[in-house]
Amino acid sequence: MKRFLQMICCVALLAACEQGGDDVNIGSGSTIAFNAENIVRSVITQDDIDNGSITVKVCATQNGNTLYDEEEIEREETGKWYPVSGKDAWVEDNDYSFYGYAYNPAQLSKGLSINDKGLSITVEQPTSYDESKMIDYLLSYKFQVANGNMRPIVQLQLEHAMALVEIYVVRGNLFDAQLESLSLQNIYSKGTLKCTTQAIANEGIANVWETTLGGAGTTTYTINPSGDAAIIGDTRENTATKMKIMCIPQQLTSNTRLTLTYRVNEKLTTDSADNWVRHTESFQLYKYDPISYKTGHRIVYTATIDSGVNLQGVIAEWKDVDYIEGTILPEIK
């Protein structure tokens, strides 16, 4: 399972000449092509894109008429992407509107349903913790071209419909500490998400989603590490004790808790005999920032064990940990 990726930032895109040569901002050929410079890292990664395990589809209109109806696109060796059914030419004086979405097709029978040309999805995340089964889904902004004579490379700037929640357990000024269990309790793992307003590319705003939650909101994710995986490090970068979850956007309730059981070596000096003591702490997460998990947010909880446990929750940009929020189409090589 690869790293999750993560607020939303737009990517700067490069265009390519249709007939070779240096990359330029406007395509010099007449074929409609899709391309991008940067890569999103999340449940969906560049490796997934390159090996074909992720599907990317586009919808488009030409003068208000359907041009692409959930048409799959594939990457060629040039680095540009084209519809599987064949290449289409730009038509001068015609206006166009494009958008795309990306998903893992293996998840269509395992909790993901896509409707309304990619603008509505139903998601059922796993009910027990398994990073490899977490569902990710990305929808782009609209990319509009007022005149087909412009012939740009079509930019697919995608954003995550889910929220990424990361939990880290670190230690303060202690000799040793080990984690016995970590639980995120009582969240909703089912829901229907509908994009009610689709943003325009490069305008600096996000898509607007409406979420209808399903189920009882009692899903609990737990890890019980052992061996080296139970060792609590002194920073987020070196601790083995962490959890990453793709969450349905939702408001937290008084029942949403973070609970951890851990052991601390409470010996007095380096030369003293080991003195392992077990502790349990539980936190009502709605008392911490943020009070809700929103589309495209990366929420980071850091539980620092010292004389007690200090919990901090923040919303961070995904790019801070080399998660780039933008398009998943890979760069020109």
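Not measured: the values here are computed from a predicted model.
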Separation between CD1 of I223 and CE of M243, rounded to the nearest 0.5 Å: 4.5 Å

Partner of H297 under side chain to side chain contact (heavy atoms under 4.5 Å, CB included), chosen from I315, L164, V165: I315

Other residues, nucleotides, ligands: >12 heavy atoms within 6.0 Å of N173 CG: no

More than 12 heavy atoms from other groups under 6.0 Å of NZ on K267: yes

D234 backbone acceptor or donor facing N238 side chain under 3.5 Å: yes

Full working for side-chain hydrogen bond (donor to acceptor under 3.5 Å, both in side chains) between T222 and S183: CA-CA 4 Å; T222 300; S183 294; 2.7 Å; yes

Between S292 and Q250: side-chain donor-acceptor atoms closer than 3.5 Å: no

D228 atom CG: more than 12 heavy-atom contacts under 6.0 Å: no

Working for side-chain contact (heavy atoms from CB on, under 4.5 Å), residues Y99 and V58: CA-CA 6 Å; Y99 71 88; V58 295; over 6 Å; no

Shortest non-hydrogen contact from V56 toward A102: CG2-CB, 4.2 Å

Distance-minimising heavy-atom pair for T55 and P105: OG1-CG, 3.5 Å

Whether Y96 and W90 hold their rings parallel, tilted or perpendicular, with breakpoints at 30° and 60°: perpendicular

S85/E71 under side-chain hydrogen bond (donor to acceptor under 3.5 Å, both in side chains): CA gap, chis, key distance, verdict: CA-CA 8 Å; S85 62; E71 176 71 29; 3.0 Å; yes

Residue pair D306 / N310, side-chain donor-acceptor N/O under 3.5 Å: no

Heavy-atom donor-acceptor pair, Q198 side chain to A206 backbone, under 3.5 Å: no

Donor-acceptor pair, side chain of T218 and main chain of N186, under 3.5 angstrom: no

Check: N255/R257 side-chain N/O donor and acceptor closer than 3.5 Å: no

T239 versus R236, closest heavy-atom pair with distance: CG2-O, 3.7 Å

Distance (rounded to the nearest 0.5 Å) between L252 CG and I291 CD1: 8.0 Å

side-chain contact (heavy atoms from CB on, under 4.5 Å) evaluation trace for L67 with T61: CA-CA 5 Å; L67 176 62; T61 59; 5.8 Å; no

Hydrophobic cluster membership, M150 vs I200, 4.5 Å side-chain cutoff: no

Backbone of D93 reached by a side-chain donor or acceptor of N147 within 3.5 Å: yes

R263 vs E180, side-chain contact (heavy atoms from CB on, under 4.5 Å): CA-CA, chis, key distance, verdict: CA-CA 7 Å; R263 296 195 308 146; E180 292 192 354; 3.0 Å; yes

Any L184 side-chain heavy atom under 4.5 Å of T220 side chain: no

Y301 vs I299 side-chain heavy atoms within contact, under 4.5 Å: yes

Criterion salt bridge (Lys or Arg N to Asp or Glu O under 4.0 Å) on E76 and K87, from CA distance to verdict: CA-CA 12 Å; E76 294 190 348; K87 299 178 181 179; 3.8 Å; yes

Y168 six-ring centre to K242 NZ/CZ under 6.0 Å and within 45° of normal: no

Transitive ILVMFWY side-chain link F175 to V264, under 4.5 Å: no

4.5 Å side-chain heavy-atom contact, R75 and Y82: no

Polar contact flag, side-chain donor to acceptor under 3.5 angstrom, E70-Y101: yes

side-chain contact (heavy atoms from CB on, under 4.5 Å) assessment of Y103 paired with L138: CA-CA 7 Å; Y103 63 97; L138 298 102; over 6 Å; no

Parallel, tilted or perpendicular: rings of W209 and Y137 (30°, 60°): perpendicular

Co-membership, hydrophobic cluster, residues W276 and L182, 4.5 Å side-chain: no

Note, T302 side chain near V170 side chain (heavy atom, < 4.5 Å): yes

Pair Q125, T219: side-chain N/O donor-acceptor within cut-off below 3.5 Å: no

Q155 versus N202, side-chain donor and acceptor atoms under 3.5 Å: yes

I153 versus F34, closest heavy-atom pair with distance: CG2-C, 3.8 Å

Which atom of L174 lies closest to which atom of I305, heavy atoms considered: CD1-O, 3.4 Å

Check: N104 side chain, A106 main-chain N or O, donor-acceptor pair, under 3.5 Å: yes

F143 and F98 aromatic ring geometry - parallel, tilted or perpendicular at 30°/60° bounds: tilted

Side chain proximity check, P249 to Y293, heavy atoms < 4.5 angstrom: no

Exercise: do K110 and Q107 side chains pair donor with acceptor under 3.5 Å: no

Salt bridge present between E124 and K133 (N-O < 4.0 angstrom): no

Side-chain donor or acceptor of R171 paired with backbone N/O of I232 under 3.5 Å: yes

Spacing of CD1 belonging to I245 relative to CD1 belonging to I187, to within rounding of 0.5 Å: 5.5 Å

Heavy-atom closest contact (T259 atom, S282 atom, distance): OG1-OG, 2.9 Å

K80 NZ to I73 CD1 distance, which is reported to the nearest 0.5 Å: 13.5 Å

Distance, nearest 0.5 Å, that separates CG of D274 from CG of D176: 7.0 Å

Modelled atom types, side-chain donor and acceptor of T269 and D271, under 3.5 Å: no

Spatial distance of atom CD1 (I121) from atom OG1 (T192) [nearest 0.5 Å]: 8.5 Å

Y141 versus E159, side-chain donor and acceptor atoms under 3.5 Å: yes

Identified side chain to side chain contact (heavy atoms under 4.5 Å, CB included) counterpart of Y262 within the set V277, V169, V309: V309

Side chain proximity check, D88 to Y68, heavy atoms < 4.5 angstrom: yes

Test salt bridge (Lys or Arg N to Asp or Glu O under 4.0 Å) applied to K117 and D69, step by step: CA-CA 8 Å; K117 300 185 185 299; D69 186 9; 2.6 Å; yes

Beyond-backbone contact of T197 with N207, side-chain heavy atoms, under 4.5 angstrom: no

N94 versus Q62, side-chain donor and acceptor atoms under 3.5 Å: yes

